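Working notes, beginning with the structure itself.
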Number of protein chains: 2
Amino acid sequence: MILKSQVEWALHCCAILSSLPEGRFLSTKALAELHGLPKEYLSKALQSLSHAGLVHTTLGPSGGYRLARPPEQLTFLDVVEAVEGEGPTFVCQNIRANNPCRPQGYCESTPCAIARTMWQADEAWRTALRKVTFAELAKTLEQEVSPQIWAGTFEWVLKRAG
Amino acid sequence: MILKSQVEWALHCCAILSSLPEGRFLSTKALAELHGLPKEYLSKALQSLSHAGLVHTTLGPSGGYRLARPPEQLTFLDVVEAVEGEGPTFVCQNIRANNPCRPQGYCESTPCAIARTMWQADEAWRTALRKVTFAELAKTLEQEVSPQIWAGTFEWVLKRAG
DNA sequence: ATATTACGGATATTGGATATCCCTATTTGG
DNA sequence: CCAAATAGGGATATCCAATATCCGTAATAT
Ligand code: SF4
Ligand code: SF4
């Protein structure tokens, strides 16, 4: 059970977009170059973000993406779910229904304890991701990333942002 | 990102084995019949449990599986990790290394904040699963499952347990 | 007008999950 | 001792989602 690599891509892109000045846009091409990713395929991940309403887009030269909300209101969970979907990791096949000891046509009323436990774990995972916003991430990155790279990247991005 | 169905199978099998009287064994064949699963493939899941040391096995007629520890000491996490593996759900491809603004040969010292956040969420998921033992599951199931089915299944299992 | 962009459909390619088959060593029960 | 039953493991086939590429369309800035 491994998340798609698009999740990492989308998280990185949102991290970059978080530090983009108000009102400016960054294109798929720039984001792909910056991260060394296939442009056409990264585009699909960005479209997922767009479809989820997390980013706004503009067409034409100097077009691209910007965050739809301030980074304080964008969480890791938003991005992960936009790309990976909102479904549970544990999908119950209801195999208890195959129990030969069950009376024919018997129908359980409640989801069983096994599934509930797995879903609670899913919820704990989601809760952890919901707690971290991109504002906090930006703060952490600014402390941890080498100032030289930080400034260089910022300049690189600004030069390409429409 | 969806868990393999083998996870559900293994959880169900351990639930059954939890209520098996001390010293007796239940075969793959019986477990497959009880849950309506392909015997040969279920066998792979049970082998994972065996390889992880969660169950003991015996060969020959009347052979099969029993829990290696009391249900109080067997957690959901044990079973899930035995089948699904212990790796993180978020695999970092280190795409920050592709940043064209980085000096050549530059090497980050610490895993980045994005990966750490994702791994923390993984840990929250694991913690939730580690909290639930099969002793607690048995207690819940006994309360929730219809007494008729519960008794019938118990009898069905005992008849086939070696 | 032209170049650039997001978007979406179509289409490979790949790898892991699913599933089956068969052989071997071991143990039980007769 | 013998025959049946069992776990274990290797080989193989199938299926499907993730990965990746390509191209056409509409919109937009210069
Ligand atoms: S017991 Fe729970 S996990 Fe298993 S089939 Fe039923 S609902 Fe699904
Ligand atoms: S920034 Fe973090 S998640 Fe992204 S490539 Fe680097 S270590 Fe991996």
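The structure presented is a predicted model; accordingly, all values stated were derived computationally and were not measured.
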If you assign A/Thr58 and B/Ser43 each to the DNA chain D nucleotide with the nearest heavy atom, which residue ends up on the more 5' nucleotide?
B/Ser43
Could you pull out the protein-nucleic contacts involving nucleotides 19-26 of chain C (nitrogen or oxygen on both sides, under 3.5 Å)?
{"residue": "C/dC22", "atom": "N4", "partner": "B/Glu40", "partner atom": "OE1", "Å": "3.4"}

Would you say the side-chain atoms of A/Arg24 pair up with the backbone N or O of A/Ala161, donor to acceptor, closer than 3.5 Å?
yes
A/Leu46 CG - D/dA20 P separation (whole Å):
15 Å
Ion pair check, B/Glu33 and B/Lys39, cut-off under 4.0 Å:
no
Winner on side-chain proximity to A/Ser50, out of C/dC7, C/dA6, D/dA7, is C/dC7
Under 3.5 Å donor-acceptor, B/Arg116 side chain and B/Pro111 backbone:
yes
Interatomic distance where CG belongs to A/Leu26 and P belongs to C/dT5 [whole Å]
10 Å
Less than 4.5 Å apart, side chain to side chain, heavy atoms only: is that true for B/Met118 and A/Leu129?
yes
Mind calculating the distance between CE (B/Met1) and C1' (D/dA18) to the nearest angstrom?
14 Å
Using a 4.0 Å heavy-atom cut-off across all strands, classify A/Thr28 as base, sugar-phosphate, or nothing.
sugar-phosphate
Find which nucleotide of DNA chain C each of A/Pro61 and A/His51 is nearest to by heavy atoms, and output the residue with the more 5' nucleotide.
A/Pro61
Which nucleotide in the list D/dA7, C/dT5, C/dT28 gets nearest to the side chain of B/Thr57?
D/dA7
Which of C/dT27, C/dC7, D/dA7 is nearest the side chain of A/Gln47? It is C/dC7
A/Arg160 CZ to C/dT4 C1': how many Å, rounded?
16 Å
Among D/dT6, D/dA29, C/dT27, which nucleotide has an atom closest to any side-chain atom of A/Ser62?
D/dA29
Rounded distance in Å - NZ (B/Lys4) to C1' (D/dA17)
15 Å
Could you check whether A/Gly162 gets within reach of a base, just the sugar-phosphate, or nothing at all, counting any heavy atom under 4.0 Å?
nothing
Send over the distance from A/Leu37 CG to D/dT21 P, rounded to a whole Å.
11 Å
Round to a whole Å and report the spacing from CG of B/Leu49 to P of D/dG9.
13 Å
Are the side chains of B/Trp125 and B/Arg130 in contact, using a 4.5 Å heavy-atom criterion?
no
Just grab all the ring pair (Phe, Tyr, Trp, His ring centres under 6.0 Å) pairs involving residues 28-61 of chain A, residues at least two apart or on different chains.
A/Trp9-A/Tyr41, A/His12-A/His35
Please name the residue in the list A/Leu46, A/Leu67, A/Leu49, A/Leu17 that meets the side chain to side chain contact (heavy atoms under 4.5 Å, CB included) test with A/Leu54.
A/Leu49
Whole-Å gap separating P (D/dA27) and NE2 (A/His56)
18 Å
